Protein chains: 4
Amino acid sequence: MSTSTTKRDQILDSALSLFAERGFDATTIPMIASDANVGAGTIYRYFENKEVLVNTLFQHYVDLFTKTLEEDYPKDAEIRDQFHHLFQGMVRFTNEREHALHFIKTHNAAYFLDDTSRSRFDRLLMILEDFIDEGKKKEQIRDLPSNALIAIIFGGFLELFKLIRAGEIEATDQLLVGVEESCWDAVRHHA
Amino acid sequence: MSTSTTKRDQILDSALSLFAERGFDATTIPMIASDANVGAGTIYRYFENKEVLVNTLFQHYVDLFTKTLEEDYPKDAEIRDQFHHLFQGMVRFTNEREHALHFIKTHNAAYFLDDTSRSRFDRLLMILEDFIDEGKKKEQIRDLPSNALIAIIFGGFLELFKLIRAGEIEATDQLLVGVEESCWDAVRHHA
Amino acid sequence: MSTSTTKRDQILDSALSLFAERGFDATTIPMIASDANVGAGTIYRYFENKEVLVNTLFQHYVDLFTKTLEEDYPKDAEIRDQFHHLFQGMVRFTNEREHALHFIKTHNAAYFLDDTSRSRFDRLLMILEDFIDEGKKKEQIRDLPSNALIAIIFGGFLELFKLIRAGEIEATDQLLVGVEESCWDAVRHHA
Amino acid sequence: MSTSTTKRDQILDSALSLFAERGFDATTIPMIASDANVGAGTIYRYFENKEVLVNTLFQHYVDLFTKTLEEDYPKDAEIRDQFHHLFQGMVRFTNEREHALHFIKTHNAAYFLDDTSRSRFDRLLMILEDFIDEGKKKEQIRDLPSNALIAIIFGGFLELFKLIRAGEIEATDQLLVGVEESCWDAVRHHA
DNA sequence: GATGAATGAGGCTTCATTCAT
DNA sequence: TATGAATGAAGCCTCATTCAT
């Protein structure tokens, strides 16, 4: 009856926090094992090696994030409402999985990512790109390169959540409304 | 007066590029030595150990960046002009020292930074904070927590320069003007 | 009375082939378990540990080989006929248990053999020694140290069967007759 | 002025004895390091990994043995004299490098040998094969497959030297003369 | 001062062995 | 009795650091 966490999940959870906090290279297998309360050898029953573990994790959260953004996406709504949907998605995803977005952000260009990981990440970017491109066509979004605009929102948003995680800012609704407005002003077309 | 690069500087230069490109943990001392054309042992004549090296480097570039932002700061000018000064500073610093800002960005929360490094980095943030706070007092900057606003500009700006360094965007003047405008719109008070 | 192979025998069979083919150290318990179609833990119901398993196996086949040589040994026949009996024993034993003699050969000086294994092996050698000694007394076998002569026939014979197992030579009757003659000429007293 | 043994040679020497005595898989790098009085890491300055070490060693001694057999080979002499030359070569080689021939013998079919090692070993066999083939043409050597005859001499000889190394037989000149005669009788054509 | 050979602690990974089911 | 998931000791190998030259 209990929502028993499997060992595999414990390992993935521990790996996520540690990779997010210290980075892949500074995180050792014994660290993950000890944090997950399993023997070091146990990790190898579930993941062929450390790189497979990090790629599995990366793909899992990139896919989850992608799903979060795509779910109930208001295809026919106003650009501003679509932006709101995406922003809310980021917020919700970050709240549910404290470290996931930061992990994705800090590892998306890493040398150890395999082709699958890279293409999953590209798919994620494409969602944002499509949104930006449509907004530009409707002249509601600035005429700057799409990836530049993505970088600005994504970068700003994540840097902000680092502060929230560090406890330096409290994530009130009011703050989030303000930040959303700020990010929107960064990308929207100003008359 | 001589322009001859000292061994110490060669080491710091090599360490900067390698740390920026691969990260601290994935960079080995022999890699730095070989890139700097010195023996591995030589590094230890100038730096007690790898952590001292990375902290020295971090402090050096944080200070240099701080100086760049402070130099000729238009204390009495309009907020918008002050923002322009800061933004130009970031651009200039990034252009002069290709890897420095990226290195600072990717390592500013690392587990191996010592107290001095952390406080130097805080001092850097304080410049931005002071600017923000003054702007808020004059009601020309949004009423959001200062560190939140810093996160947004800093985060967005750096994410953007990652793309430029990766060659995915060309850093034309026009682009920079557009990005500056975008960042400014993110923080300024909208009527 | 039943011919059903017990799990214990399946384990011993698999261990024999694997030890013979790959050697003790390169053979893992999971390999043996999987080849024997039993769980890895099951092996430990029958054998205290890997060393006990290999010693059990070694003793089993050394004893079997010993019995093969002793069975119907023509005590009162000519030396040449006794030699023929021994040689035929080796051939028969090798044919019946493809890997057994090779396993004995490659493991008879191994670091993990216990005293029992060593003494059983000595007993095997003694049969050959007795034969040699009697032959020397009758001046039908060369005057060389017994163990030297055993080494020569044993070594040569086994090296030959390695080739046969590797498929590099076909074990025709004609070949075996020739080899027997060759080995006999190596040990017999020449006028 | 001293014939200082280099560390590389110390490592090779220790590896040779240990591989010969325990086999490749049962020999650990720390064992080799400790026997050679070097740090474990030092081994990796000279050999990329354990497999490169064993292949280097194998090739070195196969080549040395090959050279020993080829040197002053009496091309135009009687078959018997050629046999004497080869046998003396084996004896000399074994005396000079106690473990080398045994190492070659026990590892020549190992799974970790690379192509170079295999082809060097084939070259060694070819010397023996050529001798045998010529002898068969002259009807002075038995009509048995060449590799079978090689196996018989090689196998017998090595088994014998195992005894000598173990101290169970003393390698007097008289013994060696007798053994040579025995081996010769094993391969020669009998009227 | 400068070097790079040498070291050994510590990381990744395997596998003999245990034990709950 | 049989299993195989779990463990952790130990093996291979890397690399920060030392030190003789």
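Convention: sequence-line order gives letters A, B, ...; per-chain numbering from 1. This structure is a prediction, so every number in the text was calculated from the model and none was measured.
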> Salt-bridged, B/Asp114 to B/Arg120, with N to O below 4.0 Å?
Replying inline: no
> Do D/Lys7's NZ or CZ and the ring of D/Tyr46 fall within the cation-pi criteria of under 6.0 Å and 45°?
Replying inline: no
>> Classify C/Ile29 by what it touches in the nucleic acid, base, sugar-phosphate, or nothing, heavy-atom distance under 4.0 Å.
In response: base
> To the nearest Å, how far apart are D/Met31 CE and F/dC12 C1'?
Replying inline: 13 Å
> Starting at CG of D/Leu18 and ending at P of F/dG11, how long is that distance when rounded to a whole Å?
Replying inline: 13 Å
>> I need the CG-C1' distance between B/Asn49 and F/dT17, as an integer number of Å.
In response: 9 Å
> Dot-bracket, DNA chain E: Watson-Crick or G-U, under 3.5 angstrom, [ ] crossing, | other strand?
Replying inline: .||||||||||||||||||||
>> Using a 4.0 Å heavy-atom cut-off, does A/Ser34 contact any base of the nucleic acid, only the sugar-phosphate backbone, or nothing at all?
In response: nothing
>> In this structure, how many angstroms lie between the C1' atom of E/dG1 and the CD1 atom of B/Ile11, rounded?
In response: 12 Å
>> Rounding to an integer number of Å, can you tell me how far B/Ile32 CD1 sits from F/dA16 P?
In response: 8 Å
>> A side-chain contact here means heavy atoms from C-beta on lying under 4.5 Å apart; do A/Phe19 and A/Phe58 qualify?
In response: no
> C/Leu53 CG to E/dT17 C1': how many Å, rounded?
Replying inline: 13 Å
>> Less than 4.5 Å apart, side chain to side chain, heavy atoms only: is that true for B/Leu158 and B/His102?
In response: no
> Would you say E/dT14 has OP1 or OP2 under 4.0 Å from some side-chain N or O of A/Tyr44?
Replying inline: no
>> Quick check on the 6.0 Å ring-centre criterion: do A/His99 and A/Phe103 meet it?
In response: no
>> I'd like to know if C/Arg8 and C/Asp13 make a salt bridge, using a cut-off of under 4.0 Å between side-chain N and carboxylate O.
In response: no
> Between atom CZ in D/Phe112 and atom C1' in F/dG11, what is the gap in whole Å?
Replying inline: 16 Å
>> With heavy-atom distances below 4.5 Å as the criterion, would you say the side chains of A/Thr106 and B/Thr106 are in contact?
In response: no
> What one-letter contact string describes nucleotides 3-10 of chain E from 5' to 3', where B marks a base within less than 4.0 Å of any protein heavy atom, S marks contact via sugar-phosphate atoms alone, and - marks no contact?
Replying inline: BBBBBB--
>> If you assign D/Phe24 and B/Asp25 each to the DNA chain F nucleotide with the nearest heavy atom, which residue ends up on the more 5' nucleotide?
In response: D/Phe24
> Does the side chain of C/Arg22 come within less than 4.5 Å of C/Met31's, by heavy atoms?
Replying inline: yes
> Is there a side-chain contact between A/Asp25 and A/Tyr111, using heavy atoms and a 4.5 Å cut-off?
Replying inline: yes
> How close or far is atom C1' of E/dA2 from atom CD of B/Gln10, stated in whole angstroms?
Replying inline: 12 Å
